[in-house]
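What follows is a short report on a single structure.
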Amino acid sequence: MKEIRVRYAPSPTGLLHIGNARTALFNYLFAKHHGGKVIIRIEDTDIKRHVKGGEKSQLNDLEWLGIEFDESPQKGGPYGPYRQLERLELYQKYAHQLLEAGMASKDYKEGSEDYAIRFKVPKGKEYRFNDMVRGEMDFSSEDVEDWIILKDNGIPTYNFAVVIDDHFMKISHVLRGEEHITNTPKQIMIYQAFGWEIPLFGHMAIIVNEEKKKLSKRDKNIVQFISEYKNLGYLPEALFNFISLLGWSPSINEEILSAAEIIALFDEKRLTKAPSMFDKEKLKFINHTYLKNSEIEKLMEFLQPFLIKLPQKDSKWQKSFVELFQDRLEYGAQIISFYQEYFQDDEDLAASEIDFLKEDAIHLEVIKAFEQKLKVNEFNEENIKTALKEINKELKVRGKTLYMPTRISATHKMHGPELAKLLILLGHDKVMKNIEKTLKVLEEL
Ligand code: GLU
C-alpha cells in the first residue's frame, strides 16, 4: 500500500484556533492510526495577513496539545523546505510550464512588463471526487472562471501552491475543513493539467456554537484559542480528548479517552457530515474528569501558576487545600476563586443564612454545643468529627439540623467541601471568630 502522508497547512495569521487545532489533530490521528506520517507546512504566501510570531505560537500550542509532526520547518525532512515562501521558485517553474503548454495565459498589469499567470479552465468538464467524509461530490468546470495561479509579484495563489506542495511532498490524503470543498475542483484541475495522481480528499464538518451558527473568532461567548485554555488551566490531554470528539466519535460508548486510545480507535469512516456543536459544558466536564483523576503531586505542579498568585501558605496547607477542592475543579484558574470564596472574603452572615438559623430554636443549641466542644478539645479533624457525632447523640439532631447550623456558623457559608477538613484549613482562630459572630447575631435578634 502507498505510504500514508498527510499534512496540516496553517497560515501563520494568528493564534492557534480550536478549528485549526481540530484539523491538525485529525490529520495526526489519521496518520498515527495507519502508521503514516504527518507533516506541517506553513502557508505563508498571504503576507498581508501575517502575524508576527504566528508560526511559533501555533507550533508551541500544537506541541503542548501533544501533536507532533514528523516533518516541519524546524525538524526538516526529505521534502522541504516546509514554508511556502521558501519554495517560490518551484511554483514559478510549474506555472511557467503551464504557460508554455498553453494551459495558462499571461495577464499583464496595466502599464507594466509584469504579468500574472492565469489558468485556463477546461470547457465542459465535470470534476468528480469521492470525499472521505461527504461521499460523491461533483462540480462542473462551467462554474469556475479562469483563475490566477501566480501573481505578478511572483507569489502563487493558495489553490496552485497547495497542489504543487501536496504533490511534491507526496501527500496521500488531504483532510481539511469544509470551507475548502469548493477549492477542490480548482486543485483537481491542476493535478490533471500535470497528469499527477490526485490525493484522496476529506472535508470535515464545520464546528458550530450552541445557536448552531458557525464558530466565529468574534464570538466572545466561547473561548476559542488554545493558548487561552492553557492559561485558564485546562489540561492538554483533556483538550486533546475533547477536540477529537468534534466531528468524530469512537465506536465504543466511552468519551474519556487517552491519546493512545483515541489513536487506536480512530476511524475516518466515523467522521461526521453533520456540523459538530462546540459544547462548553462537555469540555468543562472532560477537563474536570482529568483533574479529578490526577495524582495529587502532578496536580500541585499543574496548579503552581495559580497557587503562586495566592497569599503564601506553607506547602502542607496548600496541598490539603488542593486535595479538598480537587473533585470540584473544572479548570485550574478556579482554584483562585475557591480560595477567594472560602478563605478571603470576610463576609458577614447572609440574610438567607440567618433566616435558616432562625427557622428552629434547636439551631442555636447546636451551635453553642459545637462551640463548647471546639473550645475544650484540641483543634484537629478527628475531634471535629467526634464533636459532630456527640452533638448528634446528645441533642438528638441529625441531617440538615446538625450539619447546617455547624457549617453556617463556622464558615459563614451554606455549602462547601467536607466540613472538618475545611475548618482545619480555616484555622482555629478564624473558626471560633465565625462562631462567635454567629452567636452574637442570633442572640441580638
Ligand atoms: N492554508 C490553508 C488554510 O489555512 C490550508 C488549506 C488546506 O489544507 O488545503 O486554510
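Keep in mind that this is a model prediction, so the values were computed, not measured. Note that ligands are numbered from 1 as they come in the structure, with each ligand's atoms numbered from 1 the same way.
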Pairs under 3.5 angstrom only: tabulate donor-acceptor contacts from the side chains of residues 225-236 to other protein residues two or more places apart or in another chain.
unit_1: Glu228; atom_1: OE1; unit_2: Phe225; atom_2: N; d: 3.1
unit_1: Tyr229; atom_1: OH; unit_2: Val223; atom_2: O; d: 2.6
unit_1: Asn231; atom_1: ND2; unit_2: Ser227; atom_2: O; d: 3.3

> Is the shortest heavy-atom distance from the side chain of Ile207 to the side chain of Lys214 under 4.5 Å?
Replying inline: no
> Which of parallel (below 30°), tilted (30 to 60°) and perpendicular (above 60°) describes Phe160 and Phe194?
Replying inline: tilted
> Do the side-chain N and O atoms of His203 and Thr184 include a donor-acceptor pair separated by under 3.5 angstrom?
Replying inline: yes
> Checking ring pair (Phe, Tyr, Trp, His ring centres under 6.0 Å) for the pair Trp248/Phe30: CA distance, chi angles, key distance, verdict?
Replying inline: CA-CA 12 Å; Trp248 176 78; Phe30 180 72; over 10 Å; no
>> Distance alone, cut at 3.5 Å: any donor-acceptor contact between the side chains of Asp165 and Tyr91?
In response: yes
> For ligand 1, what are the residues with a heavy-atom contact below 4.0 Å?
Replying inline: Arg7, Ala9, Ser11, Glu43, Tyr158, Val162, Arg176, His180
